[in-house]
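Taking it in order: structure first as structure tokens, then the write-up.
The structure presented is a predicted model; accordingly, all values stated were derived computationally and were not measured. Letters A, B, ... are given to chains in the order of the sequence lines, protein chains preceding strands, and every chain is numbered from 1.
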Amino acid sequence: MIRAMSNDASLPALTANDHLILVDGSTFIFRAYHALPPLTRKSDGLPVGAVSGFCNMLWKLLTEGLTPEKGDEPTHFAVIFDHSSKTFRNDIYPAYKAQRPEPPEDLIPQFGLIRQATRAFNVPCIEQEGFEADDLIATYATQAAAMGARVTIVSGDKDLMQLIGPRIGMIDTMKNKIIGEPEVFEKFGVGPDKVIEVQSLAGDSVDNVPGVPGIGLKTAAQLILEYGDLETLLANAASIKQPKRRENLIEFAEQARISKQLVTLKCDVPVETPVTHFAVEAVNGPQAVGFLKAMEFTTLTRRIAEATGAEAGNIDPAELTIPGWHAPDAKGRMMERGPDAGSSTPAAPGSTAPAAPGSAPAPEGMMTPQHLAAARAEEIRRIPVDHSTYETVMDIERLKVWVAEAMETGIVAFDTETTSLDAMQAELVGVSLATRPGRACYVPLGHVDGEGDLLGGGGLVPGQIPLRAALDVLKPMLEDPGVLKIAQNLKYDWQVMARHGIEVGPHDDTMLLSYTLDAGKGGNGMDELSERWLGHTPIPFKDVAGSGKSMVTFDKVEISRASAYAAEDADVTLRLWLVLKPRLAAEAMATVYETLERPMVPVLARMERRGISIDRQMLSRLSGEFAQGMAAVESEIYALAGEAFNIGSPKQLGDILFGKMGLPGGKKTKTGAWSTSVSVLDDLAAEGHELPVKIVEWRQLAKLKSTYSDALPGFINPETKRVHTSYSLASTTTGRLSSSEPNLQNIPVRTEAGRKIRKAFVAEKGNKLISADYSQIELRVLAHIADIPQLKKAFADGLDIHAMTASEMFGVPVKDMDPMVRRRAKAINFGIIYGISAFGLAAQLGISRGEAGDYIKMYFQRFPGIRDYMEAVKKEVHEKGFVTTLFGRKAHYPDVNTSNPSMRAFFERAAINAPIQGSAADIIRRAMLRMEDALVDAGLKIRMLLQVHDELIFEAEEAEVEAAIPVIRRVMEGACEPLLQLSVPLQVDARAADNWDEAH
DNA sequence: CCTGCCCCATA
DNA sequence: GTATGGGGCAGGA
């Protein structure tokens, strides 16, 4: 149909008072599809998630414009689509966008629907043969801007960023982000006017724009900033210093020019519909409502009916024309099971279900623990996982039935579903329970409907038990001393429940069971354990909530899908427990689990909840200082190098140092590139080169800025104003903890600049931070384990251990010792702990392999017990596949018997190190487990905040500091006892101050 | 957008 | 030579 007045000149041109909104319909479809909850469907199964997002956005933009404030509404509006995949660009470069994957199957019917939606809202729907939507948008935007009007492009497509200017803006509704010049700069490193120059160099693998090989966004921006544009750069390509880059720029010059043509948008498309025809017309209420009703968008239908005065009840759903779509027979999708689903008594789990533990059934009665454990594993493996047996609990009476069942059984696996991986911020969305294999339920508590996404709506899905009421029913069971609660990674669930006033206990943790039994054999995550022990692949999280950009929080997941996923988690957890728990006794690991692992959960959970204060202003000032320092060093570097380059790129740096400047490159990395690590740079610096010194300086500042001063403030919890790290109990082979998000176990300390970061960790007003650390704990453990008389005596006498070592080895007196000699001995001592090699020691000390070998030989002569210990450990690990710590913890090295000599040597060194590092880890764990009670018993309120392998950090009121320090020292120094009497004393140094740096 | 690589912060 | 976590870059899905 031809618009009646399509060439009517009487439609007025746009003026400065006009505001044109151009929606990039094509990319919107794809992005909405990925951003919105998966599997939103109409009752007949028609997938409509993208259409729903589109309609919401359209309505909001038409009525409000970009912001809810008045006066922002558009005067002109159009939605632009791609017409077909072939465009003039394919004539220039046939491969352009050639590798685009086919759109997902359930998206295909939505293409037509979105065009219908546009028409239903009375909005021009524009597409034109041979041109991409981007070219049409570019043309219309340029025309309107030339008339003086304001233009807003609604898209997240980076290719459109080249259009941004004084009158033309861009908004990404999916991210709710306005894209202006600063954002373009952030993305491309240049302003909008240079975007195409950068793109023509860097290329774009998504669209198959080739660019120039070896040049990414960073380098491209660097080059364009230096040369201004592509042609100038290509003209001067021969003078580029880096050989590889020069060659590529010359060889691929034509390819870059083609790329530029591909990315340059066409601003002069002979458009069929003039921009003046985009004047906004009132939405035809009945027409829009008819369409929305057909789509079953209830919320939006209501909203638009109200706004337009249309009588929704009297309007029939519109007829939809959907090519390629046939509604399936009215079988209906699986509905959530109602409150009465399932029988009122627990279903029999099947005759093969194991009896509850503790009540050893007669046939198994005479088996050894090992047989029992193996039989149990086989038994569990045979019960299939069946999602259809799970119940969705929507009714408080049913919940009470489940709780009663758990109380009666005495064992329940439970799992929480939340909105975040950060236990400190996660909102509870649901709880799942399992009482026997195959008997599990999910209790949704906080699911919302997804339609409110773009409008901020999204109320609770009706029918769920109110959160508070459900928790009141669950609490007595979760805290009942007679009911064992089992979880996978319990610390997380414990935290979430603690924030709702529930202290879960007693408990078991399948992740820790696995870690205790199998540390070093592989991961301890649930999916992995399920594969390993049950031969079952649980529903992947990404299948339920999506992944990456399109991931939704769990509260937006449809309840029936959430239910299958969540109930399965509890079911699998229970099964894993049934398999793993009997192994504790069979493999004599029950004590390790019960004294070193399980009780750590509440201790760490409390430490994480407390968090630590950081001084945001101080870090912000530091970021500024570091930035200034980097800028200063940067210009010196460019001057020394004779050109600008990306210092942060090891590849480019290597080209400059070893290519252009021809410095002798000592080492290469395993991929064959020049190594530019500090040790290499230091060597060059020692030869008198200035540039490497500056690089090291720049690197240090860059590291401190990006990893610490820039990143740490982002971890301040908005509610508590403190930083809450997360400790992992099960991610090292040796028994150490690890810390992440943020990692507070690698806060700088060695350099002056680094210690400024540490100063930003502060005590609250009226409080002090106390740092207490073990002195030389690993060497002391080594002295004990390997039973070395000289070492033991030195520690007993409180001597300087490295000086003593030097004295023994080189026969020099400790008094007035040359610091260099002591330094060598210190390096050797560390080397021993790491399973020394001549290669490593040589690298560390900057001496020859032969010389290092001589040192080691001499060391073993003086301390033969060390060599004996090392040989014994190697023998042990080859025979058993694991080694143990002083307290019985196992570290497995399943691949130690490999025939690859260097791999083998690596595992042997690791095995030598593990009992030392691991015993020290056990000791500080024991101290941590006793610390809280000891402090409370001493009448102190002081609390433990952090652990850094051999150091504990506390926060105490000033008045308590003096009394607290002796208690802390006593607990830490006596941590081995009474289980073990170490043959060397443990020594703890403790200090209090206003910040971490001064306390350390 | 994810992954491998390189480099670097700590004990 | 041991044990970690994390940031930036570049390349390939």
Look at [X] and [N] and indicate whether a side-chain polar atom (N or O) is within less than 4.0 Å of OP1 or OP2.
X      : N      : answer
A:N646 : C:dC9  : yes
A:Q947 : B:dA11 : no
A:S739 : C:dG5  : no

Just the rounded figure in Å: distance from C1' of B:dA11 to CZ of A:R925. 15 Å

Of the nucleotides [options], which has the atom closest to the [X] side chain?
X      : options               : result
A:Y834 : C:dG1, C:dA3, C:dA10  : C:dG1
A:A910 : C:dG6, C:dT2, C:dA10  : C:dT2
A:K651 : C:dG11, B:dT10, C:dT2 : C:dG11

Using a 4.0 Å heavy-atom cut-off, does [X] contact any base of the nucleic acid, only the sugar-phosphate backbone, or nothing at all?
X      : answer
A:R736 : base
A:E778 : nothing
A:G831 : base
A:T733 : sugar-phosphate

What pair of heavy atoms forms the shortest contact from A:F626 to A:I757, and how long is it? CE1-CD1, 3.9 Å

Counting primed atoms plus P, OP1 and OP2 as sugar-phosphate and everything else as base, spell out the protein contacts along nucleotides 2-7 of chain B at 4.0 Å heavy-atom distance: B, S or - for each nucleotide, 5' to 3'. S--SSS

For A:F863, ring-ring contact (aromatic ring centres under 6.0 Å, His included) partners two or more places apart: A:Y859

The ring-ring contact (aromatic ring centres under 6.0 Å, His included) partners of A:F658 (sequence neighbours excluded) come to A:W674

Between A:T219 and A:N646: side-chain donor-acceptor atoms closer than 3.5 Å: no

